[in-house]
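Note: hydrogens, waters and symmetry copies are ignored here, and every other heavy atom, side chains too, is used. Each residue takes its place number in the sequence, starting with 1. In this text, all values refer to a predicted model and were calculated from it rather than measured experimentally.
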Amino acid sequence: MSEKGYLVKPHSESRRRYVQILDLKDDKELIEEYRYYHDKGIWPEIVADLKNVGICDMEIYLAGNRMVMIVETPEDFDFDAEMTKMGSSAKQQEWEEFMWRFQQKLPWITDDTKWVETERIFSLVEK
């Protein structure tokens, strides 16, 4: 059941979770267009690439212009290697370039990093 950003679904211990953040440009029209391209307008090749590298699930949440992306993979998934492999696809490069018109680096980032990995500081399961 889903309710205002909360989705109840089983948690798999055999999966690994990556949580990253990125900002969108603070422009209402651009944000709406970005939402469209992650709903009805997502390119089928991008979905296929994500599945083909072994990503089990991916969700993006939005609050204002800050996004949180949660990626679930098999436990033995090599994130950097698979993202590099996927990034070598011409369609993926085109998608990333197209998405950059909506996105912006986080204010404290000084290099070319887009999506920034977060640090987990709490786990209810471990308490």
Practice prompt. Could you state whether L24 and Y61 fall into the same hydrophobic cluster, counting links through intermediate Ile, Leu, Val, Met, Phe, Trp or Tyr residues with side-chain heavy atoms under 4.5 angstrom apart?
Written response: no
Worksheet item: What is the minimum heavy-atom distance between G64 and I31, and which atoms define it?
Response: O-CD1, 3.9 Å
Worksheet entry | Common cluster, F102/L106, ILVMFWY with side-chain heavy-atom separation under 4.5 Å | no
Worksheet item: When rounded to the nearest 0.5 angstrom, what is the spacing between NZ in K28 and CG in N65?
Response: 13.0 Å
Practice prompt. Give the intermediate values and the outcome of side-chain contact (heavy atoms from CB on, under 4.5 Å) for residues E59 and V71.
Written response: CA-CA 7 Å; E59 297 175 326; V71 179; over 6 Å; no
Response to the item:
Between the CD atom in E117 and the CD atom in Q20, the distance rounded to the nearest 0.5 Å is 6.0 Å
Worksheet entry | Main-chain N/O of G87 paired with Q93 side-chain donor or acceptor, under 3.5 Å | yes
Worksheet item: Is D39 reaching over with its side chain to a backbone N or O of R35, donor-acceptor style, under 3.5 angstrom?
Response: no
Item to complete: Considering only NZ, NE, NH1 and NH2 on the basic side and carboxylate oxygens on the acidic side, decide whether E33 and R101 come within less than 4.0 Å.
Response: yes
Worksheet item: Does atom NZ of K51 have more than 12 heavy-atom neighbours from other groups under 6.0 Å away?
Response: no
Worksheet, complete the sentence: Distance col, row R17:CZ vs D57:CG, nearest 0.5 angstrom, shows 9.5 Å
Discussion item. Working note: E126 + R120, criterion salt bridge (Lys or Arg N to Asp or Glu O under 4.0 Å); need CA distance, chi angles, decisive distance, verdict.
Written reply: CA-CA 12 Å; E126 294 175 4; R120 185 180 78 174; 2.8 Å; yes
Discussion item. Could you see if I109 belongs to whatever hydrophobic cluster contains M99? Use Ile, Leu, Val, Met, Phe, Trp, Tyr and a side-chain cutoff under 4.5 Å.
Written reply: no
Item to complete: Report whether I70 and I46 are members of the same hydrophobic cluster (ILVMFWY, side-chain heavy atoms less than 4.5 Å apart, transitive linking).
Response: no
Worksheet item: If you draw a 6.0 Å radius around CG in D112, do more than 12 non-hydrogen atoms from other residues or ligands fall strictly inside?
Response: no
Worksheet item: Atom CZ in R66, atom CD1 in I21: separation rounded to 0.5 Å?
Response: 5.5 Å
Item to complete: Would you please test Q103 and K114 for side-chain contact (heavy atoms from CB on, under 4.5 Å) and show each step?
Response: CA-CA 8 Å; Q103 301 166 336; K114 285 177 68 173; 2.9 Å; yes
Worksheet item: Testing F98, W95, W43 for ring pair (Phe, Tyr, Trp, His ring centres under 6.0 Å) with H38, which one passes?
Response: W95
Discussion item. Restricting to side chain to side chain donor-acceptor pair (under 3.5 Å), what partner residues turn up for Q92, sequence neighbours left out?
Written reply: E96
Worksheet item: Out of curiosity, does V19 fall in the hydrophobic cluster containing L22 (side-chain heavy atoms, cut-off under 4.5 Å, transitive links)?
Response: no
Fill in: Chi angles and distances behind the side-chain contact (heavy atoms from CB on, under 4.5 Å) call for R16, T73
CA-CA 5 Å; R16 200 160 172 202; T73 68; 3.6 Å; yes
